[in-house]
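Remarks on the structure that follows.
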2 protein chains.
Amino acid sequence: MTLSKFIKEKRKSTGLTQPELAEKAGVGLRFIRDLEQGKESLRLDKVNQVLKLFGFKVGAIPLIKDENEKS
Amino acid sequence: MTLSKFIKEKRKSTGLTQPELAEKAGVGLRFIRDLEQGKESLRLDKVNQVLKLFGFKVGAIPLIKDENEKS
DNA sequence: TACATTTATACCCAAACGAGTATAAACCAA
DNA sequence: TTGGTTTATACTCGTTTGGGTATAAATGTA
């Protein structure tokens with residue numbers, strides 16, 4: 001499970017569109033798109049700003065061990 | 001446990017200095033400092049670049065539930 | 001204390017992000 | 001297929017990151 005997929009699924013299951021999520025999270029629409037598109041060079045605080053809506057946050061350890069997880 | 005503390009502890013326990021970690025991770029010294037200082041607006045890919053040295057990565061779900069964890 | 005090492009703060013600058021907007025593409029139902 | 005909604009791509013631009021460097025502060029040891 002990637003971060004992008006996680007966000008996308010959460011958004012869908014909440015019945016939100018990208019513009020709606022962007023507004024609720026207080027970020028730009030472009031950011032949501034980049035995020036769901038799997039762009040890696042995103043700012044951590046913005047990512048957390050979005051995750052917070054779903055009760056999660058990156059930047060809290062422990063993290064997942066990196067064993068070449070795919071997709 | 002914050003991301004910054006996690007990195008710092010990992011670095012210490014590995015016996016590395018900030019400049020050494022920066023070089024090993026392929027990022028700038030400034031980045032390592034910002035990271036360990038708890039700066040939030042860091043780029044996700046750079047953070048992962050550092051975490052990878054320790055076998056971890058951010059941006060893999062599931063994450064930690066955000067319940068006002070402190071420090 | 002004094003000294004050496006490590007870490008923190010400050011400055012400058014090129015590069016990249018993030019926002020806004022517009023347009024094209026994809027999706028889905030009728 | 002058609003039409004309407006949602007999502008993806010492209011462009012421009014102000015702001016900020018990240019690197020490099022220099023200097024100050026902190027830490028640890030004798």
Side-chain angles (χ1 to χ4, degrees), chain A residues 1-66 68-71, chain B residues 1-66 68-71:
Chain A
M1 173 68 91
T2 58
L3 180 61
S4 54
K5 287 190 175 181
F6 177 78
I7 296 284
K8 196 164 193 169
E9 287 181 10
K10 276 292 181 185
R11 178 175 62 78
K12 295 273 189 183
S13 70
T14 317
L16 292 173
T17 64
Q18 289 178 337
E20 287 168 344
L21 176 57
E23 209 215 356
K24 272 183 176 292
V27 301
L29 176 55
R30 265 276 313 279
F31 182 82
I32 296 294
R33 305 213 149 135
D34 286 344
L35 181 54
E36 292 193 357
Q37 222 73 181
K39 188 174 181 182
E40 307 226 320
S41 53
L42 299 170
R43 276 176 47 178
L44 201 53
D45 57 340
K46 297 284 177 180
V47 174
N48 278 327
Q49 213 170 313
V50 176
L51 283 173
K52 193 167 188 178
L53 283 184
F54 305 124
F56 289 89
K57 72 184 292 189
V58 156
I61 307 296
L63 308 160
I64 299 260
K65 282 220 100 175
D66 177 17
N68 297 13
E69 67 132 25
K70 60 187 171 187
S71 180
Chain B
M1 173 68 90
T2 58
L3 180 60
S4 55
K5 287 191 176 180
F6 177 77
I7 296 285
K8 197 163 193 171
E9 286 180 12
K10 276 291 181 186
R11 178 175 62 77
K12 294 273 190 182
S13 70
T14 316
L16 292 173
T17 64
Q18 290 178 337
E20 287 168 344
L21 176 58
E23 208 214 357
K24 273 185 176 290
V27 300
L29 177 55
R30 261 275 312 275
F31 182 82
I32 297 294
R33 305 212 150 136
D34 286 344
L35 181 54
E36 293 193 357
Q37 221 74 181
K39 189 175 181 181
E40 308 227 316
S41 52
L42 299 171
R43 277 175 46 178
L44 202 53
D45 57 340
K46 298 282 177 180
V47 175
N48 278 326
Q49 211 170 314
V50 176
L51 283 174
K52 193 167 187 178
L53 284 184
F54 305 123
F56 288 88
K57 73 185 291 191
V58 156
I61 306 295
L63 309 159
I64 298 263
K65 284 221 98 176
D66 176 17
N68 296 14
E69 66 132 26
K70 60 186 170 186
S71 184

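In what follows, every heavy atom counts, from backbone to side chain, and hydrogens, waters and symmetry copies are set aside. Residue numbering restarts at 1 for every chain, and letters A, B, ... go by the order of the sequence lines.
Distance check, rounded to the nearest 0.5 Å: CG of A:L42 to CG of A:N48 gives 11.5 Å. Separation of atoms OG (B:S41) and CG (B:D34) is listed at 8.0 Å; rounding is to 0.5 Å. The NZ atom of A:K57 sits 9.5 Å away from atom CG of A:L44, with the distance rounded to the nearest 0.5 Å. The distance from atom CG of A:D45 to atom NZ of A:K52, rounded to the nearest 0.5 Å, is 12.0 Å.
Near DNA chain C, meaning a heavy atom under 4.0 Å from it, residues 31-39 of chain A has A:F31, A:K39 in order of number. Remark: A:V27, A:G28, A:R30 in residues 11-30 of chain A come within less than 4.0 Å of DNA chain C through at least one heavy atom.
Taking 4.0 Å as the cutoff to heavy atoms of chain B, we find the contact window on DNA chain D bounded by D:dT17 to D:dG20.
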Exercise. Dump the intermediate steps for side chain to side chain contact (heavy atoms under 4.5 Å, CB included) on A:R11 and A:K8, then the final yes or no.
Key: CA-CA 5 Å; A:R11 178 175 62 78; A:K8 196 164 193 169; 4.1 Å; yes
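Considering only heavy atoms from C-beta on, B:L51 comes within 4.5 Å of B:L3 through its side chain. Counting heavy atoms from C-beta outward, B:L21 and B:I7 have side chains that approach closer than 4.5 Å. Taking the side chain as every heavy atom from C-beta outward, A:L53 and A:L16 never approach each other to under 4.5 Å.
Considering only residues two or more places apart in sequence or on other chains, B:K24 meets the salt bridge (charged side-chain N to carboxylate O under 4.0 Å, His left out) condition with none of them.
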Kindly give the atom pairs (protein nitrogen or oxygen, nucleotide nitrogen or oxygen) under 3.5 Å for nucleotides 25-30 of chain C.
none

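The side-chain contact (heavy atoms from CB on, under 4.5 Å) test with A:F31 singles out one residue from A:Q49, A:E36, A:K46, A:Q18, and that residue is A:K46.
In the helix from C:dT1-D:dA30 to C:dA30-D:dT1, the terminal helix axes, each the rotation mapping four pairs' C1' atoms onto the next four within five end pairs, subtend 70°, rounded to 10°.
Atom CD of B:E23 sits in a sparse spot, with 12 or fewer heavy atoms from other residues, nucleotides or ligands closer than 6.0 Å.
Between B:F54 and B:T14, the shortest heavy-atom distance links the atoms CE2-OG1, 3.7 Å. In this structure, A:L29 and A:P19 approach most closely via the heavy-atom pair CD1-N, 3.7 Å.
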